[in-house]
Amino acid sequence: MLDSPQTATETFVDHRKLLFTVAYEILGSAADAEDVLQETWLRWSDVDLDQVRERRAYLVKITTRQALNRLRTLSRRKESYVGPWLPEPLLTAPDVAEDIELADSVSTAMLLVLETLAPVERAVFVLREVFDFGYDEIAEAVDKSPAAVRQIAHRARGHVAARRLREVVSAHDTRATLAAFQSAATTGDLQGLLDLLAPEVVMLGDGGGLKQAAPRPVHGPDKVARLVVGGLGKVSDTTQLRAAEVNGQPALILWMHGEIDTVVTVRIEQEVITGIYAVRNPEKLSHVGAETALSR
C-alpha cells in the first residue's frame, strides 16, 4: 500500500527540529537553515516512501546535501562580509541547556571552532559526534565511502579537540560570571570587568556593516573592558541588559527602545572570560525574539 502525502508531511514534521538542528550546526545561520529545510521538503515530497528503508536517515541525507550546497554559497558571502562574522544567535528553550552535549555543540564558541573545518569535515563531525550517525549513513549523506568518512571524522575530531574548551563550565557558574559582567558593565566598573577578563581575552563584534561594531577582533582586557562599558553600559529607562538562554548557554541581550540591539555570549575558561561575542547585525537577530526548538 502506497503511503499518502499526509504520511510524508507527518514524517517531515516529526523530524523537523532534528533537521533544523543539523542544518544550523553545519551552517551557523538560522536563516539559511530554514531555507535548507524548505529545499529538503520539496525533495522529500517527491520521494517514493515505499523505497525508503530508514526515513530519519534519508531526511538527514537530503538536509546534509542541501546544507553543504548552501555552505559553499555562504562561504562566498563571508568573503565580502564587513567586519568579523559570528554565527546567528538562537533564543533556546531550557531543555536544550539540559542536554549538555547538544548545548555545547550549538554554543557560539563551538560554532566558531566548526567554522575552521572544511565543509565536508564539518558535516561529518556534526553527524558523527553530535547526532551519533553511523559511518555508512554519513557516507550516504556526504557522498563518500565509509572508509573515507572514518578518516575525515578522525581528522575533524582531532582538529576540534585542539581548539575546543578543555573544561565544561556549568550553567550555574556561567550565569554567575555573566551576572558579575553585567553589573560591572552597567555601572561602569572597569576594575570589576578587568577582574573577570583573561589576559588573552578577545572580543568579536558582528555588525555586518549595518550597525556600528569593531571592524577587527579586539584583544586584551584593557581595550575590551573600555569597549564593553562604552557599548553595553548605556542602561536607561529605554535601554536594558537582560539575561537569556542563547544557543543553549546563559547570555545577555541588550534591548533599546523595545527592540533587540545586541546579543552577547561569552567563552569562559578557568573562571575568567576568554571570549566575548556580540552580534549586532539586525539581519541576524530575528531568532532571538522567540524560542527556537532544537533536537538530536
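We number each residue from 1, following the sequence as shown.
Within the cation-pi definition used here (under 6.0 Å to the ring centroid, within 45° of the axis), R267 does not qualify as a partner of Y277. Both tests do not hold together for K78 against Y81: distance to the six-membered ring centre under 6.0 Å, angle to the ring axis within 45°.
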- Item | Trace of the salt bridge (Lys or Arg N to Asp or Glu O under 4.0 Å) decision for R128 with E121 | CA-CA 10 Å; R128 181 62 184 169; E121 286 181 331; over 6 Å; no

- Residue pair E101, D132: steps toward the side-chain contact (heavy atoms from CB on, under 4.5 Å) verdict: CA-CA 11 Å; E101 288 185 1; D132 199 30; over 6 Å; no

- Message: L285 vs E259, test: side-chain contact (heavy atoms from CB on, under 4.5 Å). Steps then yes/no.
- Response: CA-CA 10 Å; L285 299 178; E259 295 185 352; over 6 Å; no

- Let me see the working for S286 and E88 under side-chain contact (heavy atoms from CB on, under 4.5 Å), right down to the final yes or no. CA-CA 9 Å; S286 62; E88 189 174 343; 4.0 Å; yes

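Proximity of a side-chain donor or acceptor of R280 to a complementary backbone N or O of Q212 within less than 3.5 Å is detected. Counting only distance, with no hydrogens or angles, the side chain of T116 and the backbone of V113 share a donor-acceptor pair below 3.5 Å. Using modelled atom types, one side-chain atom of D206 and one backbone atom of L86 make a donor-acceptor pair closer than 3.5 Å.
Following chains of ILVMFWY side-chain contacts shorter than 4.5 Å, one cannot reach L178 starting from L204, and the two form parts of different hydrophobic clusters. The cluster map of Ile, Leu, Val, Met, Phe, Trp and Tyr, joined by side-chain heavy atoms under 4.5 Å apart, puts V228 and V279 in different clusters. Cluster membership check: I253 does not share its hydrophobic cluster with V96, using side-chain heavy-atom separations under 4.5 Å among Ile, Leu, Val, Met, Phe, Trp and Tyr. In terms of hydrophobic clustering, with Ile, Leu, Val, Met, Phe, Trp and Tyr side chains grouped at heavy-atom distances under 4.5 Å, L112 and L27 are assigned to different clusters.
The neighbour count for R226 CZ, taken as heavy atoms of other residues, nucleotides or ligands under 6.0 Å away, does not exceed 12. Enclosure of atom CD in E115 by more than 12 non-hydrogen atoms of other residues, nucleotides or ligands within 6.0 angstrom is indicated. Within a 6.0 Å radius of NZ in K211, other residues, nucleotides and ligands contribute more than 12 heavy atoms. The number of heavy-atom neighbours closer than 6.0 Å to CZ of R72, taken from other residues, nucleotides and ligands shown, is above 12. Applying the 6.0 Å contact sphere to CD of E54 captures more than 12 heavy atoms from other residues, nucleotides or ligands. Other residues, nucleotides and ligands contribute more than 12 heavy atoms inside 6.0 Å of the CG atom of L210.
Between the CZ atom in R16 and the OG1 atom in T40 there is a gap of 10.0 Å [rounded to 0.5 Å]. Taken to the nearest 0.5 Å, the CG atom of L241 stands 10.5 Å off from the CG atom of D261. Residue E10 holds its CD atom at 10.0 Å from CZ of R55, rounded to the nearest 0.5 Å. Atom OG1 of T63 is separated from atom CZ of R43 by 10.5 Å, given to the nearest 0.5 angstrom. To the nearest 0.5 Å, atoms CD1 (I138) and CD1 (I152) are separated by 10.0 Å.
Side-chain N/O atoms of E25 and S105 include a donor and acceptor closer than 3.5 Å.
At a threshold of 4.5 Å between non-hydrogen side-chain atoms, the residues M110 and Q249 do not count as touching.
Relative orientation of the F133 and F131 rings is tilted, given thresholds of 30° and 60° on the angle between their planes.
A salt bridge links R164 with D104; the closest basic N to acidic carboxylate O contact falls under 4.0 Å. The existence of a salt bridge linking R122 and E129 is excluded, since no basic side-chain nitrogen approaches an acidic carboxylate oxygen closer than 4.0 Å. The pair R175-E245 counts as a salt bridge, with a side-chain nitrogen and a carboxylate oxygen less than 4.0 angstrom apart.
A side chain to side chain contact (heavy atoms under 4.5 Å, CB included) with P89 holds for exactly one of V246, V264, T108, V106; it is V246. When each of W41, W44, Y58 is paired with F12, the ring pair (Phe, Tyr, Trp, His ring centres under 6.0 Å) condition holds for W41 and for no other.
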